[in-house]
Amino acid sequence: MSPPAESSSSGSGIVERLQSGASKLVRIERTDATGNDRSAIVARATAAALRNDFADARRELNTLSAADRAPAQAWLDKADARDAALAASRQFAADAMTVLARPGQ
């Protein structure tokens, strides 16, 4: 989900090459990003996932455009399928308890 790598400029000096190499080693991102641009949404979704708040992460990822959401779409589909399976199992358990609670059957 990180943005594509920037094309490196062909700096002729050693300082430019060192800066270019160092920028590839360390990336600093804010986790409390504000705004509605792609990087802010991805930062908030990442922070939510690190807090194990998957509902918030999914909500943030669903605000992205379809093209930006594509790398995470498989995970989103699995999370939706998991929620559907949990809802079905809860409904099955509720129906079973209703039937078992009826007297005389």
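Worth saying up front: this structure is predicted, and the values here are computed from it rather than measured. All values below were derived from every heavy atom in this structure, side-chain atoms included, with hydrogens, water molecules and symmetry-related copies excluded.
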Name all residues meeting the side chain to side chain donor-acceptor pair (under 3.5 Å) criterion together with S65; count only those two or more places apart in sequence or in a different chain, and write none if there are none.
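Listed in chain order: D68.
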Can you name the side chain to side chain donor-acceptor pair (under 3.5 Å) partners of D77, sequence neighbours left out?
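Side chain to side chain donor-acceptor pair (under 3.5 Å) list for D77, sorted by chain: Q73.
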Closer than 3.5 angstrom, by distance alone: can the side chain of E16 be matched with the main-chain N or O of G13 as a donor-acceptor pair?
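Pair found, side chain donor or acceptor close to backbone of G13.
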Under the side-chain contact (heavy atoms from CB on, under 4.5 Å) rule, collect the residues that match up with T98, sequence neighbours excluded.
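Per chain and number, T98 pairs via side-chain contact (heavy atoms from CB on, under 4.5 Å) with R102.
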Can you list everything that forms a side-chain contact (heavy atoms from CB on, under 4.5 Å) with D37? Sequence neighbours excluded, please.
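Partners of D37 by the side-chain contact (heavy atoms from CB on, under 4.5 Å) criterion, ordered by chain and then number, come out as S39, A40.
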Pairwise distance CZ(F54) to CG(L61) - rounded to 0.5 angstrom
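Nearest 0.5 Å value for the CZ-CG distance: 11.5 Å.
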Reported CZ-to-CG distance for the pair R44 and D53, which is rounded to 0.5 angstrom
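If we round to the nearest 0.5 Å, R44:CZ and D53:CG are 13.0 Å apart.
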Write out all pairs satisfying salt bridge (charged side-chain N to carboxylate O under 4.0 Å, His left out) with one or both partners inside residues 81-98, taking only residues at least two apart or from two chains.
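For residues 81-98: R58-D83.
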State which residues pass salt bridge (Lys or Arg N to Asp or Glu O under 4.0 Å) with R59; sequence neighbours excluded, sorted by chain then number.
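Counting only residues at least two positions away or on another chain, R59 forms a salt bridge (Lys or Arg N to Asp or Glu O under 4.0 Å) with D56.
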Applying side chain to side chain contact (heavy atoms under 4.5 Å, CB included) to L64 and V42, what does each step give before you reach the verdict?
CA-CA 9 Å; L64 289 171; V42 170; 4.3 Å; yes
Where do A49 and A57 come nearest, in terms of heavy atoms and distance?
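In this case the closest contact between A49 and A57 is N-CB, 4.1 Å.
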